[in-house]
Structure formats: structure tokens, C-alpha cells
Amino acid sequence: MTKQRKLILDVLRSTKSHPTADWIYNQVRGEMPNISLGTVYRNLGVLKEKGEILELNYGSSFSRYDCNPENHYHLTCTKCERVFDLKIPIQKQLVKEVMDIDGHKVLDHRLEFYGICKECKKQEVN
């Protein structure tokens, strides 16, 4: 593991915010001022390929990254746009249902929830 890759992974592990590559780049530059944004993107790609991180791509112009590579669900707040890990079990019966009903071979699945996070919900009440 290169010095850059280790630093990028350390930055990702230090947050639960599911950051963008730009945010990671700005954090890494604090310790490694000469690193380029391209280097950050390349290393995020390598970490993803090695199964050490998840790339959360929502069809927008940027992805978010998660240092927990295990399949798990997320909630995206429609107000503050933060992404939260949900601590609910993976619904494995959905995979079986899709395969039984449609005959597809499902390798994995991703389920995303959208709503208002508890912090934004508190602000609505006040």
C-alpha cells in the first residue's frame, strides 16, 4: 500500500460522513500538500477494486465513499444531503424473491432510503 493510499484510507476511516473525493482531497492535502486530485481519484478506484471501500454513486456528477465495504443500507437526507449508515439487517429474501420470480442471477443488491435525518427533523420542529 502506497503512502498516498494509506493516507486516503485513514481519512475515510476517520469520518462517518460518506465524503466526496473533493472533500477527501482537501483533507489529505493537509498532510500531503503536493497530492493531486487525480491521484486521490486513482487511489479511491484501487481501494474500491480491492474491496476496501464502497463507492456510492447516485447518478449525480459525484460519488461518495464509504470505508465500510460490507453491504449495508443508507439513508440520504433530502435537506442536508448527508448520507447515514442504517443499522438494519440486509434483506436477503429480496435477492431470493427476484431470482425466483424473474429468473435473474442476483449477485448483490443495494437499497437506499431517502428522507429527513433526525438533526434536520429537529430543526423543522423548532
Side-chain angles (χ1 to χ4, degrees):
M1 179 171 289
T2 66
K3 186 176 169 184
Q4 294 95 335
R5 196 168 305 142
K6 181 178 180 338
L7 183 55
I8 290 166
L9 191 54
D10 289 346
V11 164
L12 261 173
R13 288 180 175 158
S14 73
T15 184
K16 293 185 185 248
S17 69
H18 301 81
T20 63
D22 286 337
W23 185 91
I24 295 166
Y25 168 67
N26 287 324
Q27 298 300 308
V28 170
R29 281 187 60 204
E31 288 190 44
M32 197 176 282
N34 294 330
I35 195 167
S36 70
L37 182 57
T39 298
V40 170
Y41 272 108
R42 276 191 302 282
N43 280 285
L44 287 169
V46 169
L47 289 167
K48 177 186 164 193
E49 284 177 22
K50 290 181 173 236
E52 295 191 44
I53 65 171
L54 290 178
E55 179 181 11
L56 307 174
N57 185 325
Y58 298 105
S60 64
S61 58
F62 60 89
S63 295
R64 292 181 174 269
Y65 295 89
D66 189 341
C67 69
N68 178 1
E70 300 300 317
N71 191 8
H72 59 284
Y73 300 135
H74 296 95
L75 173 111
T76 300
C77 180
T78 57
K79 287 197 174 252
C80 67
E81 297 182 351
R82 287 184 293 169
V83 179
F84 299 88
D85 289 336
L86 297 177
K87 294 173 177 72
I88 61 172
I90 295 296
Q91 303 299 310
K92 293 181 181 174
Q93 76 277 4
L94 290 175
V95 172
K96 184 176 177 348
E97 246 180 87
V98 169
M99 291 193 303
D100 289 349
I101 292 171
D102 289 334
H104 301 296
K105 179 181 179 181
V106 176
L107 303 175
D108 204 355
H109 77 282
R110 182 173 99 177
L111 180 62
E112 305 294 333
F113 294 87
Y114 297 88
I116 300 169
C117 71
K118 57 186 167 189
E119 288 84 9
C120 290
K121 193 172 140 189
K122 283 181 196 173
Q123 291 175 2
E124 285 183 337
V125 176
N126 296 332

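This one's a predicted model, so the numbers in the text were calculated from it and none came from an experiment.
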Next on the checklist: Run L54 and H72 through side-chain contact (heavy atoms from CB on, under 4.5 Å) and show every step you take.
Outcome noted: CA-CA 10 Å; L54 290 178; H72 59 284; 3.8 Å; yes
Checklist entry - Under the side-chain contact (heavy atoms from CB on, under 4.5 Å) criterion, do K79 and E124 qualify, and how do the steps go? => result CA-CA 11 Å; K79 287 197 174 252; E124 285 183 337; 2.9 Å; yes
Checklist entry - For D22 and F62, what are the C-alpha separation, side-chain angles and deciding distance, and is it a side-chain contact (heavy atoms from CB on, under 4.5 Å)? => result CA-CA 9 Å; D22 286 337; F62 60 89; over 6 Å; no
Next on the checklist: Would Q4 and R42 count as a side-chain contact (heavy atoms from CB on, under 4.5 Å) here? Give the steps.
Outcome noted: CA-CA 10 Å; Q4 294 95 335; R42 276 191 302 282; over 6 Å; no
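Judged by distance alone, the side chains of E55 and S63 do bring a donor and an acceptor atom under 3.5 Å apart.
Two different hydrophobic clusters hold L56 and L111 under the rule that ILVMFWY side chains link at heavy-atom gaps under 4.5 Å.
Atom CD of E81 has 12 or fewer heavy atoms from other residues, nucleotides or ligands within 6.0 Å.
Side-chain atoms of L44 and L12, non-hydrogen and from C-beta on, do get closer than 4.5 Å to each other.
Atom SG in C67 sits 10.5 Å away from atom CG in D10 (nearest 0.5 Å). Rounding to the nearest 0.5 angstrom, the gap separating the NZ atom in K3 from the CE atom in M32 is 5.0 Å. Rounding to the nearest 0.5 Å places OG of S17 at 13.5 Å from OH of Y65. One distance of note links CG of L7 with CG of N43; it measures 10.0 Å at 0.5 Å rounding. Taking CD1 of I53 as the start and CG of N68 as the end, the distance is 11.5 Å to the nearest 0.5 Å. Going from atom CZ of R29 over to atom CG of L37 covers 9.5 Å, rounded to the nearest 0.5 Å.
Note on residues 99-118: pairs passing side-chain hydrogen bond (donor to acceptor under 3.5 Å, both in side chains), not counting sequence neighbours, are Y58-E112, N71-D108, Y73-H109, K96-D100, R110-E112. Counting only residues at least two apart or on different chains, the ring pair (Phe, Tyr, Trp, His ring centres under 6.0 Å) pairs with a member in residues 3-54 are H18-H74.
Judged as a side-chain hydrogen bond (donor to acceptor under 3.5 Å, both in side chains), and not counting sequence neighbours, T76 has no contacts. Judged as a side-chain contact (heavy atoms from CB on, under 4.5 Å), and not counting sequence neighbours, the contacts of E52 are M1, L9, R13, L47, K50. Residues satisfying the side-chain hydrogen bond (donor to acceptor under 3.5 Å, both in side chains) test with E31, not counting sequence neighbours, are none.
Nearest heavy-atom pair, T39 versus S36, reported as atom, atom and distance to 0.1 Å: OG1-OG, 2.9 Å. C77 approaches C117 most closely through the heavy-atom pair SG-N, 3.3 Å.
Through chains of ILVMFWY side-chain contacts below 4.5 Å, V95 is grouped with V98, M99, V106.
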